[in-house]
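Note that ligands are numbered from 1 as they come in the structure, with each ligand's atoms numbered from 1 the same way. All residue numbers refer to positions in the sequence shown, counting from 1.
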Amino acid sequence: MWQFETSRCYCTIIDAPGHRDFVKNMIVATSQADFAVLVIDSTVGGFEAGISKGGQTREHALLAYALGVKQMICCCNKMDATTLLYSEARYDEIKKEVSSCLMEVGYDPNEIPFVPIYGLEGDNVIESSTRLSWYRGPTLYQALELLIELKCPSDELNCHPLQEVYKTRSVRTVPVGGVKTRVRKPGMVVTFGSSSLETRVKSNNPLFDTEEKVHINIIVIGHVNSGKSTTTGHLVHRLGRISNHYLQRLKNEATEGNKKSSKYAWMLDKIKAEHERGFTIDISLWKFETLKYYCTVFDAPGHRHLITNMIIGTGTFQVDCAILVIDSISGVFEFGISEEGQTLGYALLAHTLGVKEMICCCNKMDATTPNYSKARYLKIRKAVSSYLKKVGYEAGRIPFIPISALEGDYMIQRSARLSWYKGPTLYEALDHIDEPKRPVDTHRGLPLQDLYKIQNIGTVPEERVENSTLNSGMVFTCGLSGPATEVKSLEMDLDSLLEAGMTLL
Ligand code: GTP
Ligand code: MG
């Protein structure tokens with residue numbers, strides 16, 4: 001459905017939605033985008049809004065460049081608008097302004113075709129339009145034909161899949177890429193994505209440059225409303241490095257609407273909103289420390305796809321540990337583990353996607369009937385452990401911790417209100433998880449992107465082939481630590497391929 005052909009290329013086209021995070025995922029998450037078509041609204045006011053500070057024209061171009069999309073075509077769309085009437089002067093004005101913006105971003109505007117189009121009626125999309133007879137350049141179709149053929153990256157040792165670009169306050173633009181093999185040291189030159197953007201490693205970990213602790217990635221999962229954000233917020237607030245000044249600012253900005261969520265969830269939601277709005281985020285917000293580990297924590301949103309992306313999609317990391325948050329309140333827990341609930345589905349997803357360690361938290365113990373009820377805890381533990389065993393976890397190894405993320409019981413400190421419980425706090429349980437083994441020099445560890453179950457075939461991993469090529473019969477490993485498997489066949493959508501250099505299903 002999303003494919004078309006020119007005489008030279010077989011094109012897969014992705015129609016980007018508005019949100020920055022989605023655009024980013026589209027560029028890098030499943031396959032590296034090769035070309036970007038930047039569509040500009042040429043109408044009076046429309047163009048100005050897009051190119052303004054808050055507009056997305058500039059930001060999307062920057063994102064495309066930073067994420068390694070080397071070639072761009074600009075389309076000045078809506079040239080039919082009554083105020084424009086296919087105006088050459090308007091086209092020139094837009095071209096001038098967008099060119100200077102693209103130059104700032106890093107592109108060479110001389111290499112970028114600017115095509116005036118009327119997308120709705122098709123003027124200059126495939127064939128030249130007489131209504132734009134003053135324009136002598138290529139149509140969009142012809143411009144696609146003129147794109148320079150791509151080179152797939154070969155076995156480049158220091159080439160990382162580029163996953164994200166941050167602008168941090170003191171460090172400036174920081175690319176994020178997954179280091180899957182070997183060690184990167186300050187001074188080494190590395191490249192990102194299939195682009196040739198080269199950069200020198202400045203420091204290994206600007207956030208944590210004191211003593212060396214092992215870094216682990218944690219995802220917090222669970223049924224909707226179970227207290228994931230409250231749990232995450234509590235950990236980050238108590239053990240992280242959010243400055244009091246920053247917290248105070250968030251509090252001052254809070255509106256009545258925001259206050260309806262609990263104190264920690266509210267804090268996290270606010271930080272998230274900041275992240276989503278702008279290009280500037282402070283990555284230290286999602287980190288905290290235990291005695292043994294530096295932890296990066298991801299507060300999972302409701303949607304399954306987003307969770308898949310969080311566990312493996314960015315490829316920057318492999319999640320090492322999942323905290324499964326269970327709402328212990330009567331009726332709510334039962335719904336959470338029912339067919340419609342998300343508790344068990346997420347546990348299965350975590351296991352399938354290779355999350356080795358799991359910690360279960362029976363949350364909201366302050367609100368069980370009676371409160372802090374041991375019977376309730378035991379009932380939940382029994383039901384959930386038997387399921388986790390089915391999923392494939394070694395249930396005996398999984399700690400079940402009764403907590404109140406809101407009140408703080410057994411999060412970091414013990415609590416007399418749960419005196420019947422003798423196990424570790426959540427904080428202690430994190431230190432008890434096995435140190436993750438990072439693979440050294442595994443060949444062909446492909447970043448796992450998704451899993452499909454296809455009738456008659458079974459489970460099919462979707463991966464991105466970043467370096468060199470894959471052929472039928474080759475053996476490779478899934479993800480960072482997945483099982484070795486043999487390539488049975490290669491397909492691009494429904495067509496067989498002899499060799500895969502970019503995308504493999
Ligand atoms: P979604 O992201 O919407 O799926 O929710 P979530 O799992 O992140 O839950 P969140 O942390 O937003 O909490 C949901 C509600 O449960 C909020 O009203 C919290 O105040 C409440 N809550 C969370 N933890 C506790 C707890 O330990 N005790 C009690 N009584 N309420 C809690
Ligand atoms: Mg939440």
Side-chain angles (χ1 to χ4, degrees), residues 21 218-238 240 242 250-251 254-276 285-286 288 297-311 322-338 340-347 349-350 358-374 376-377 380-381 384 400-418 421 425-427 429:
D21 264 357
I218 299 167
I219 190 164
V220 181
I221 52 177
H223 186 68
V224 65
N225 230 22
S226 54
K228 300 179 291 295
S229 298
T230 309
T231 305
T232 313
H234 195 117
L235 291 170
V236 174
H237 184 227
R238 294 288 306 280
I242 302 184
L250 289 186
K251 276 193 191 129
T255 59
E256 279 309 305
N258 282 329
K259 281 186 189 146
K260 70 178 188 308
S261 50
S262 77
K263 50 184 172 181
Y264 297 117
W266 159 78
M267 176 188 89
L268 216 68
D269 289 345
K270 185 81 185 143
I271 295 169
K272 247 190 229 165
E274 291 225 325
H275 175 192
E276 279 163 14
L285 294 174
W286 306 98
F288 65 88
V297 66
F298 302 92
D299 172 32
H303 195 286
R304 178 190 181 276
H305 264 334
L306 298 181
I307 296 194
T308 313
N309 270 348
M310 283 196 144
I311 300 183
I323 298 179
L324 180 62
V325 179
I326 299 161
D327 189 331
S328 314
I329 294 177
S330 243
V332 186
F333 159 69
E334 284 72 10
F335 182 74
I337 61 161
S338 70
E340 290 140 272
Q342 288 155 342
T343 314
L344 304 180
Y346 288 165
L349 199 60
M358 163 89 71
I359 295 171
C360 286
C361 291
C362 301
N363 189 29
K364 307 197 189 177
M365 288 305 291
D366 59 294
T368 55
T369 19
N371 56 7
Y372 299 101
S373 157
K374 182 177 180 184
R376 184 74 186 150
Y377 162 81
I380 293 172
R381 189 172 85 174
V384 176
F400 270 82
I401 312 169
I403 60 165
S404 167
L406 202 59
E407 303 293 333
D409 304 284
Y410 267 89
M411 289 288 296
I412 291 148
Q413 274 140 358
R414 280 158 211 287
S415 153
R417 294 182 286 207
L418 289 160
Y421 170 74
T425 60
L426 175 56
Y427 177 70

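Atom CG of L235 sits about 6.0 Å away from atom CD1 of I412, to the nearest 0.5 Å.
Of the possible donor and acceptor atoms, one in the side chain of Y377 sits under 3.5 Å from a partner among the backbone N and O of F400. In this structure a side-chain-to-backbone donor-acceptor pair under 3.5 Å is missing from S373 to T368. With hydrogens and angles ignored, the 3.5 Å screen pairs a side-chain donor or acceptor of S328 with a backbone N or O of N363.
Listed by chain and residue number, nothing satisfies the ring pair (Phe, Tyr, Trp, His ring centres under 6.0 Å) test with F333 (two or more places apart in sequence, or in another chain). Taking R376 as the reference, E334 meet the salt bridge (charged side-chain N to carboxylate O under 4.0 Å, His left out) condition, with sequence neighbours excluded.
Geometrically, ligand 1 and T231 share no nitrogen or oxygen pair separated by less than 3.5 Å. Between A367 and ligand 1, a contact under 3.5 Å exists for no N or O pair. Considering both main-chain and side-chain atoms, L406 comes within under 3.5 Å of ligand 1 through a nitrogen or oxygen pair. Ligand 1 has no N or O atom lying under 3.5 Å from any N or O atom of E407, backbone or side chain. Residue M365 has no N or O atom closer than 3.5 Å to an N or O atom of ligand 1.
Both the backbone and the side chain of S404 come within 4.0 Å of ligand 1, counting heavy atoms alone. Residue D366 touches ligand 1 through its side chain alone, judged by heavy-atom distances below 4.0 Å. For V224, heavy-atom contacts with ligand 1 shorter than 4.0 Å involve the backbone as well as the side chain.
For ligand 1, the atoms closer than 4.0 angstrom to any heavy atom of S229 are 6 (P), 8 (O), 11 (O). Taking every heavy atom of A405 and a limit of under 4.0 angstrom, the matching atoms of ligand 1 come to 27 (O).
Note on S229: counted as a metal contact of the Mg ion (ligand 2), an N/O/S atom lying under 2.8 Å.
Ligand 1 has no atom lying under 4.0 Å from any heavy atom of G222.
Looking at L426 and T231, their side chains come closer than 4.5 Å, going by heavy atoms from C-beta outward.
Under a cut-off of 6.0 angstrom, the local environment of CZ in R417 is crowded, with over 12 non-hydrogen atoms contributed by other residues, nucleotides or ligands.
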